[in-house]
2 protein chains.
Amino acid sequence: MSKYDSGLDLCFSALGDPTRRKILERLARGEATVSELAATHDMALPSFMEHLKKLEAAKLITSKKQGRSRICTLSPTAFTPARDWLSEQSTIWEGRLDRFDDYIQTLMEERSK
Amino acid sequence: MSKYDSGLDLCFSALGDPTRRKILERLARGEATVSELAATHDMALPSFMEHLKKLEAAKLITSKKQGRSRICTLSPTAFTPARDWLSEQSTIWEGRLDRFDDYIQTLMEERSK
DNA sequence: TTGATACTTAGGTATATGTCTAAGTATGAT
DNA sequence: ATCATACTTAGACATATACCTAAGTATCAA
């Protein structure tokens with residue numbers, strides 16, 4: 001990844017991995033420790049921790065140390081920029097379709113003169 | 001990328017790159033040829049084409065050959081699974097039964113600082 | 001204080017990704 | 001027919017990613 005990462009780069013890239021989406025799906029149901037999260041993933045712990053680091057770098061989760069455990073929590077507002085970007089593209093596209101319909105309409109009117 | 005790519009893997013991974021998001025933003029305003037799209041990206045054409053291939057593999061765009069040009073079009077419905085996934089996670093989080101308890105917990109922690 | 005638990009760090013490997021140059025092929029214009 | 005245009009293919013390369021094992025460190029429990 002380049003040094004020009006925007007929030008959306010980190011966020012969408014983080015979401016592009018099934019292990020990480022599963023972690024988020026679990027955390028949407030409530031916070032959990034690293035080992036609780038890791039339990040359902042057949043992967044060495046350091047590998048699993050890398051996924052958590054990426055989620056945290058993307059600000060999709062936060063975590064804090066509590067005793068020897070680390071508790072991970074979903075940051076649900078972090079989804080907002082991604083959702084907004086997606087919605088905006090759809091909206092722009094739909095706006096274009098409307099304009100295209102208008103154009104056809106105009107053509108038809110011209111032709112019938 | 002593994003051979004177990006789901007649609008969401010491809011879609012979110014494709015969205016995780018700024019060049020590709022810019023392409024989509026341009027196409028939301030209307031279809032365009034490869035060279036029209038490439039014009040605003042300072043990159044060798046084969047490199048640029050790789051991005052288009054990923055967008056097409058993710059079904060975010062379609063393309064067809066017309067003469068010696070290739071015309072690319074946004075597939076706006078392809079955003080839907082991604083948007084739905086994001087919305088679902090937010091909804092689950094918001095619906096958590098113990099969310100109020102967490103809220104109180106956070107308040108208490110803030111107060112004791 | 002000793003051992004178990006829960007990460008954490010260090011370092012290694014294989015594959016994927018994002019870029020390039022050079023040399024194609026197919027089509028349009030003259 | 002010839003030349004320019006618009007991709008397309010082939011191959012190379014550096015960095016990133018996703019995984020691993022082995023060996024730490026910090027807490028907790030007895």
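In what follows, every chain begins at residue 1, and chains take the letters A, B, ... in the order their sequences are listed.
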When rounded to whole Å, the NZ to P distance for the pair Lys64(A) and dC7(C) reads 14 Å

Would Lys59(A) and Leu10(A) count as a side chain to side chain contact (heavy atoms under 4.5 Å, CB included) if you check the C-alpha gap in whole Å, the side-chain angles of each, and the deciding distance to 0.1 Å? CA-CA 9 Å; Lys59(A) 300 190 179 172; Leu10(A) 290 171; over 6 Å; no

Protein within reach of the bases, or only the backbone? For nucleotides 19-30 of chain D, mark each nucleotide 5' to 3' as B, S or -, using heavy atoms under 4.0 Å. BBBB----BS--

Hey, is the side chain of Ser35(A) poking within less than 4.0 Å of OP1 or OP2 on dC7(C), counting only N and O atoms? yes

Side-chain (Glu36(A)) to main-chain (Thr33(A)) donor-acceptor, under 3.5 angstrom: yes

What pair of heavy atoms forms the shortest contact from Ile92(B) to Ala28(A), and how long is it? CG2-O, 3.6 Å

Kindly calculate the angle separating the two end axes of the helix from dT1(C)-dA30(D) to dT30(C)-dA1(D), each obtained from five base pairs, and round it to 10 degrees. 20°

Ignoring hydrogens and angles, tell me if any N or O in the side chain of Gln89(B) forms a donor-acceptor pair with the backbone of Pro76(A) under 3.5 Å. no

Glu36(A) CD to dT5(C) P, in whole Å, measures 16 Å

Send over the distance from Asp9(B) CG to dT17(C) C1', rounded to a whole Å. 15 Å

Could you tell me whether the phosphate oxygens of dA6(D), OP1 or OP2, come under 4.0 Å of any side-chain nitrogen or oxygen in Thr33(B)? no

Given atom CG of Leu52(A) and atom C1' of dT8(C), what is their separation to the nearest angstrom? 13 Å

For residues 43-55 of chain B, which residue pairs qualify under side chain to side chain donor-acceptor pair (under 3.5 Å), counting only residues two or more places apart or in two chains? Arg20(B)-His51(B), Glu50(B)-Lys53(B)

Flag yes if more than 12 heavy atoms outside Lys65(B) fall under 6.0 Å of its NZ atom; otherwise flag no. yes

Criterion side chain to side chain contact (heavy atoms under 4.5 Å, CB included) on Asp17(B) and Phe12(A), from CA distance to verdict: CA-CA 8 Å; Asp17(B) 180 277; Phe12(A) 281 128; over 6 Å; no

On the nucleotide dT8(D), are OP1 or OP2 found under 4.0 Å from the side-chain N or O atoms that Lys53(B) carries? no

Send over the distance from Met49(B) CE to dT17(C) C1', rounded to a whole Å. 17 Å

Parallel, tilted or perpendicular: which fits the ring planes of His41(A) and Phe48(A), with parallel below 30° and perpendicular above 60°? tilted

Under the side chain to side chain contact (heavy atoms under 4.5 Å, CB included) rule, what do Val34(B) and Leu45(B) come out as? Steps first, then yes or no, please. CA-CA 9 Å; Val34(B) 169; Leu45(B) 193 58; 4.0 Å; yes

